[in-house]
Structure formats: C-alpha cells, structure tokens
**Q** 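Structure in structure tokens, see below.
Letters A, B, ... are given to chains in the order of the sequence lines, protein chains preceding strands, and every chain is numbered from 1.
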There are 2 protein chains.
Amino acid sequence: MKDVAEKAGVSRSAVSFVLNDRTSMGLSDETRDRVLAAAAELGYRPNAGARALAKKQSDWYGLVTEIVTAPFAVDIIKGAQDRARESDKYLLIASTESDPAAETAAIERLLEQRVEGLIYAATWHRAVVLPEIAREVPTVLVNCFDAEGRYPAIVPDERMGGRRATERLLAAGHRRIGLINLDPDIPAAVLRLSGYHEVLAEAGIPFDDELEVSGHATADGGYAAASTLLDLTEPPTAIFCANDRMAMGAYDAIKERGLRIPHDVAVVGFDNQELIARYLRPGLTTVALPFEQMGTRGVELLAAIIAGQSTATGTVTIDCPLLERASV
Amino acid sequence: MKDVAEKAGVSRSAVSFVLNDRTSMGLSDETRDRVLAAAAELGYRPNAGARALAKKQSDWYGLVTEIVTAPFAVDIIKGAQDRARESDKYLLIASTESDPAAETAAIERLLEQRVEGLIYAATWHRAVVLPEIAREVPTVLVNCFDAEGRYPAIVPDERMGGRRATERLLAAGHRRIGLINLDPDIPAAVLRLSGYHEVLAEAGIPFDDELEVSGHATADGGYAAASTLLDLTEPPTAIFCANDRMAMGAYDAIKERGLRIPHDVAVVGFDNQELIARYLRPGLTTVALPFEQMGTRGVELLAAIIAGQSTATGTVTIDCPLLERASV
DNA sequence: ATGAAAGCGCTAACAG
DNA sequence: CTGTTAGCGCTTTCAT
C-alpha cells in the first residue's frame with residue numbers, strides 16, 4: 001500500500017480513502033484515478049485480514065452444518081453464500097457431522113476467526129440444542145428451531161406443503177387419497193399430516209384411518225407402505241408420500257401390480273430430491289423444501305440482527321412450493 | 001491478551017509462548033498453568049486474524065468448486081476439510097456455479113484473504129482451464145486436470161474402475177456383457193471403456209459392437225440404451241452402466257420386460273450415488289468415485305507444495321473401489 | 001485535500 | 001525466564 005501511495009505520489013491515507021470509496025472525504029477524481037492506476041499496475045491486492053483487524057470487523061459469518069450427511073445442505077449453503085457475497089460478507093463453513101464435541105470445537109474455531117454471527121443449519125427440520133458458546137455472537141437457526149425459543153429461526157412451512165400436495169390431488173379429482181407418512185414424532189410428519197387433514201376436512205372428505213400409514217423413510221419403507229395401501233379392499237387412487245425416497249418405493253409397488261402412474265394411481269412426493277424426483281419415470285410431482293431461500297433469509301436475518309435492526313427471536317416460516325412433473 | 005498477562009502476573013511474551021506451545025522457550029510448568037488458568041477464567045479467545053497478520057501466515061486454503069451443481073462436491077469438501085483441520089488449517093470455500101467471471105472474482109477474494117494455496121475441485125472429471133490469477137499461489141486440481149499439465153492434479157482411476165466392474169460381472173459367470181457408456185468425448189467414458197475392453201480381451205472374449213451403446217447420462221438415456229440392448233437378438237446377460245442414473249433407467253427397462261435383477265440380467269453402475277444406488281431395488285452394485293479421498297489427498301498435496309516438499313506437477317490417480325450390493 | 005501518528009491483537013527478536 | 005521494542009498491513013483521527 002505504501003508502494004501504491006508512492007507510485008501515485010499521494011499519502012497512504014489517500015490510498016486508503018480511495019480504496020474504501022470514501023467519497024465524503026473530498027478527493028479529486030484525478031487523484032482517485034492516479035491511485036487506482038498505480039494499484040492496478042502494481043498488482044496491489046488489499047489484505048483483508050489486516051483490514052479486519054483495523055476495522056474491528058471481520059465481514060465473516062460462520063455457517064455450521066452437517067454438510068455431507070444430507071444432500072440438502074448444499075442448497076442452504078448456496079443461498080447463504082450468494083446472499084452473503086452481495087453484502088460483501090464471507091461465509092466460513094464449518095461442517096460437523098452431528099458430533100456434539102466437534103460442533104463445539106468448530107464453533108470455537110469460528111469465534112477465534114471473529115465471525116460476526118453464526119448460522120446454524122440442520123439437514124432435517126427439527127428441534128436442536130446449541131452449545132452454550134454459540135451465545136457469544138448473534139445466531140440464527142435455519143431448518144431447525146430452539147426448543148426454548150432463544151434463537152430466531154427459519155423453517156419450511158411444512159403444513160402448507162402438506163396442504164398443497166393434498167389440494168393438487170383433490171384438484172385432479174381424487175377422493176381416496178392415501179398418505180404414507182414419516183416417523184410420526186418428527187415435526188415434518190406432524191405438520192404435513194395436519195395440512196393433509198385440513199384440506200380433506202375442508203373438502204368434506206371423512207378421514208379413513210386405513211389410508212394413513214407410516215413407514216421407514218426409505219424406498220423399501222415406501223414400497224411396503226404402498227403395498228399395504230394398494231392391497232386394501234378399497235385402495236386409494238392417489239398417494240401422498242411424505243418424502244421422495246418413499247415415493248420411489250411406492251412407484252415400484254404400483255408398477256409391480258401392473259398399475260400405471262398417474263393413470264391408475266397418482267403420486268405426490270415431498271422434498272424434491274432432484275436425483276429421485278426428476279429421474280423417476282414418470283417424473284415425480286413433489287413439494288419442494290425451500291433450502292436455498294432459507295439460506296438466503298438466514299443471512300438476511302443475521303445481518304439485520306448484527307446491524308441492530310432486528311431483535312426478533314421468533315420463527316419465520318418459508319413457503320414450500322409444489323413442483324409439477326408427471327405423476328398426477 | 002494483556003489482561004491475561006496481568007492476571008497471571010507475567011509478560012505478554014510469556015502468554016504468547018504458552019499459547020503457541022513454544023516449549024523450547026523454557027517455561028516452567030507452573031507459569032504455564034497460571035497463564036492457562038488466567039486465560040480460561042477471562043474467557044480469552046485468541047484472535048486468529050491478528051495472529052495471521054503477525055505471523056504472515058493465514059493458515060487458510062481456498063477451495064473453489066461448483067458446490068451445488070453436483071452432489072459429489074460435498075464429499076470432496078468433507079475429505080478436504082477433515083484433513084485440513086488435522087493440520088490446523090482452515091478451508092475457505094468459494095462456490096462458483098461454472099461462471100468463469102464469478103470464478104475469477106471468487107479466487108480474487110480468496111487471495112485477498114491471503115489463502116496459502118488453492119484447491120480447485122471439479123464436479124466431474126475433465127480438463128479445466130484456470131484463470132491466470134490462480135498462479136499467484138500454489139494450486140492443486142482435484143477431479144480435473146490441466147490440459148497443459150501446469151498444475152498437479154488428483155483424479156479417479158476410471159480405467160481401473162471400468163476393469164473392476166467388468167471383472168465382477170465376469171466373475172459372476174457372464175460372457176455377454178453390455179456396456180452403456182457416457183458421452184464418448186469425456187475422460188470418464190474413454191477410460192471406463194478401456195478398462196472394460198482390457199478385461200474382456202484378457203478373458204479372451206471378442207468385442208461385440210452391438211453390446212456397446214452410449215446414451216444420455218440420465219435415467220431416460222439409460223432406459224433407452226438398455227432397451228436397445230435387451231431387444232437384441234442375442235441380448236446381454238449383464239449390463240455395465242457407466243453411471244448410476246443410467247442404471248436407474250436400465251432397471252426400468254429390465255423390469256418392464258419381466259426380467260429379474262440379478263437373476264436374469266445383472267447390472268453394475270458407476271458413481272455410487274447413494275440416493276440411487278442404495279435405494280434402487282435391488283440395491284445397485286456400483287463402482288465408487290473416491291471423492292472424499294481425493295479431497296484429503298488434495299489438501300495433503302497442497303500442504304506439501306506449500307512446505308516446499310513437493311514440486312511435482314504430475315497427476316495422481318486414486319482407486320475406484322467396487323461396492324457390492326445386490327444387482328449382480 | 002494531505003501527512004503524521006496512533007492503534008487493531010498478536011508474534012518475535014533481543015537484551016536483560 | 002521477563003520486559004521492551006518493533007513490526008504485520010491497514011484504518012482513522014486530527015491537525016495542517
């Protein structure tokens with residue numbers, strides 16, 4: 001930087017002002033250009049670390065997540081990273097594969113890097129408990145929530161997702177709609193189910209317990225559950241699967257019986273796992289989880305909190321859109 | 001840090017020595033403990049940025065990749081990150097979704113953070129051309145290579161993978177083995193094919209052009225290609241699909257004809273895309289791409305180069321193991 | 001508009 | 001083993 005100053009024949013302060021776009025300082029355009037030219041010629045590259053030290057502001061947010069465990073994490077990261085870049089912030093990604101000790105250690109390292117705040121992203125929607133240490137900086141939860149509500153959180157609107165799936169099937173004329181649900185203890189199952197119930201109730205369709213089964217969140221689980229439904233005396237003409245992997249198994253069960261999708265049995269999934277939903281034949285109509293958007297919103301919320309513009313501690317809910325393919 | 005020194009009744013240098021484990025300086029254990037205790041009590045957390053400034057060493061590696069585009073990237077990241085952590089290095093991940101301009105900008109930002117080196121990871125094995133700017137620091141390629149061989153690279157041993165798949169089928173007694181290959185222009189296709197050829201030749205099985213088809217790298221492509229093979233006058237009893245998505249389509253084609261896997265037709269895939277290979281029914285035996293290991297090795301190689309222990313510019317090849325499931 | 005000077009939190013060299 | 005001193009590369013205040 002000194003070199004740049006000398007080359008441009010100005011003071012170091014001037015260089016600093018130019019490089020930081022401090023137009024308010026009253027710098028002549030001519031000076032400005034000279035500095036820029038000198039910097040370019042010298043291949044000058046500001047040292048972000050030194051700047052952070054001087055400004056007492058790192059421009060970093062820490063993102064902690066189990067990155068590999070689920071394919072979803074990357075979409076959260078993408079959303080967060082894109083948004084962060086727009087604000088000239090950096091994302092320091094720490095991946096902890098669900099090991100609590102590693103998690104604390106990871107956050108510790110992030111704090112040593114003086115991240116301005118933390119985004120904690122889960123790969124499946126659930127309640128989490130963060131290490132105490134996370135309280136040292138503003139923290140936002142993404143795709144998860146704090147049981148005690150001490151942290152603001154961004155979660156998908158699962159109930160609405162359940163509604164959309166059911167409504168779509170209803171709109172296609174179905175009245176007997178089976179549901180293959182996830183483990184009934186998790187938030188996603190509870191909420192998706194309540195969406196399903198709401199819509200049926202609104203349409204005046206009585207619940208039929210036989211039509212609600214739950215299974216292992218795998219293709220095999222979906223296959224077994226779908227088999228149960230299809231072998232009913234009065235089988236459903238449509239099946240809402242609470243995730244795409246189970247839908248994958250359901251496809252097998254349906255095809256095995258010589259039935260066609262969607263002609264004989266319509267299917268709607270949940271998650272929009274590209275690899276499955278797009279490549280299943282026929283393509284799977286499914287409800288998408290808004291990962292990218294949650295990442296974006298997480299960064300925005302964090303930035304607002306850091307800027308003191310938000311003290312909210314509530315939960316923000318993001319819409320789950322229906323993606324139409326060919327299974328309805 | 002000054003506070004810690006005062007609290008412990010020692011000099012700041014002493015604190016620095018203790019915190020950096022400079023045992024060589026001859027510090028009494030008693031002093032050491034006092035410092036550590038004071039630090040803990042005060043909740044002192046070293047400022048990594050300040051340290052980096054003083055040491056002129058950031059402890060960061062930059063990892064640039066198209067993170068979202070492919071599900072594979074995360075495994076490379078995991079391998080790299082785990083390995084980096086072991087050496088107390090940080091990974092700064094920059095995701096560029098194949099946009100050359102964004103790529104240069106991303107690298108520029110990494111350089112401003114004074115990363116000690118760069119790891120450039122591709123999501124599919126191919127030749128890449130890096131922005132000139134990457135030459136400013138040691139750079140290692142992962143899952144890709146430089147056409148001009150100017151950067152050291154780590155790539156999967158595709159040929160060996162092709163061999164393993166073919167050998168497995170041979171071992172199961174098959175003599176008519178079909179191949180559904182990828183777009184013949186890409187390295188993966190060329191090498192996997194050559195592995196396949198080698199093994200057949202070694203077994204004294206003459207090539208049959210009819211048995212080698214290529215298709216779109218999708219389930220539909222696999223479906224179409226498998227249909228072609230199965231409708232041959234003398235259809236294969238086993239099919240080697242050059243990726244799992246195509247195997248997914250092949251499954252459909254096989255089942256549609258009332259044939260059973262592996263009883264009537266055996267299938268081997270490539271890529272080990274969990275979501276597909278594991279959930280397909282029956283589970284798909286497939287060749288795995290060693291992403292995690294490539295990430296690990298990338299970091300190791302980079303560290304060696306930075307430490308001046310390696311000046312190699314060649315290409316390192318990593319084994320692709322066969323994962324047995326139930327389709328053979 | 002500019003230059004001098006202090007300081008960010010830490011490391012490292014050196015003389016005690 | 002301690003204390004002093006001089007930076008690391010940059011920002012920012014303040015007087016000019």
**Q** Which residues in residues 43-56 of chain B have a heavy atom closer than 4.0 Å to any atom of DNA chain D?
**A** L53(B), A54(B), K56(B)
**Q** Please find the pair of heavy atoms, one from A94(B) and one from Q81(A), that lie closest to each other, and give the distance.
**A** CA-NE2, 4.3 Å
**Q** Can you tell me how far P of dT13(D) sits from CZ of R12(A), to the nearest Å?
**A** 16 Å
**Q** Would you say the side chain of L302(A) lies within less than 4.5 Å of the side chain of Y61(A), judging by non-hydrogen atoms?
**A** yes
**Q** Examine the side chains of Y90(B) and E112(A) and answer whether a donor and an acceptor come within less than 3.5 Å of each other.
**A** no
**Q** Measure CG/L111(B) against P/dG9(D) and give the value in whole Å, please.
**A** 16 Å
**Q** Salt bridge or not for K7(B) and D3(B), using N-O below 4.0 Å?
**A** no
**Q** Whole-Å distance between dG9(C) P and Q57(A) CD?
**A** 14 Å
**Q** I'd like to know whether CZ of R297(B) has more than 12 heavy-atom contacts from other residues, nucleotides or ligands below 6.0 angstrom.
**A** no
**Q** I need the CG-C1' distance between N20(A) and dT13(D), as an integer number of Å.
**A** 15 Å
**Q** Rounded to whole angstroms, how far apart are CD on Q113(B) and P on dC10(D)?
**A** 13 Å
**Q** Just how far, in rounded Å, is C1' of dA4(C) from NZ of K2(A)?
**A** 15 Å
**Q** Which atom names give the shortest non-hydrogen contact between V137(A) and L118(A), and what distance separates them?
**A** CG2-CD2, 3.9 Å
**Q** Does the side chain of S13(A) get closer than 4.0 angstrom to OP1 or OP2 of dG3(C) through an N or O atom?
**A** no
**Q** Starting at CZ of F17(B) and ending at C1' of dG9(C), how long is that distance when rounded to a whole Å?
**A** 16 Å
**Q** Please determine whether a side-chain nitrogen of the Lys or Arg among E41(A) and R34(A) lies less than 4.0 Å from a carboxylate oxygen of the Asp or Glu.
**A** no
**Q** Given axes from five pairs at either end, by how many degrees does the helix from dA1(C)-dT16(D) to dG16(C)-dC1(D) bend, rounded to 10°?
**A** 40°
**Q** How many Å lie between CZ on R114(A) and C1' on dC10(C), as a whole number?
**A** 11 Å
**Q** Heavy atoms only: give me the nearest T104(A)-P131(A) pair and the separation to one decimal.
**A** OG1-CB, 3.6 Å
**Q** Going by the side chain to side chain contact (heavy atoms under 4.5 Å, CB included) test, name the single residue among L141(B), I318(B), T317(B), L289(B) that passes it with V155(B).
**A** T317(B)
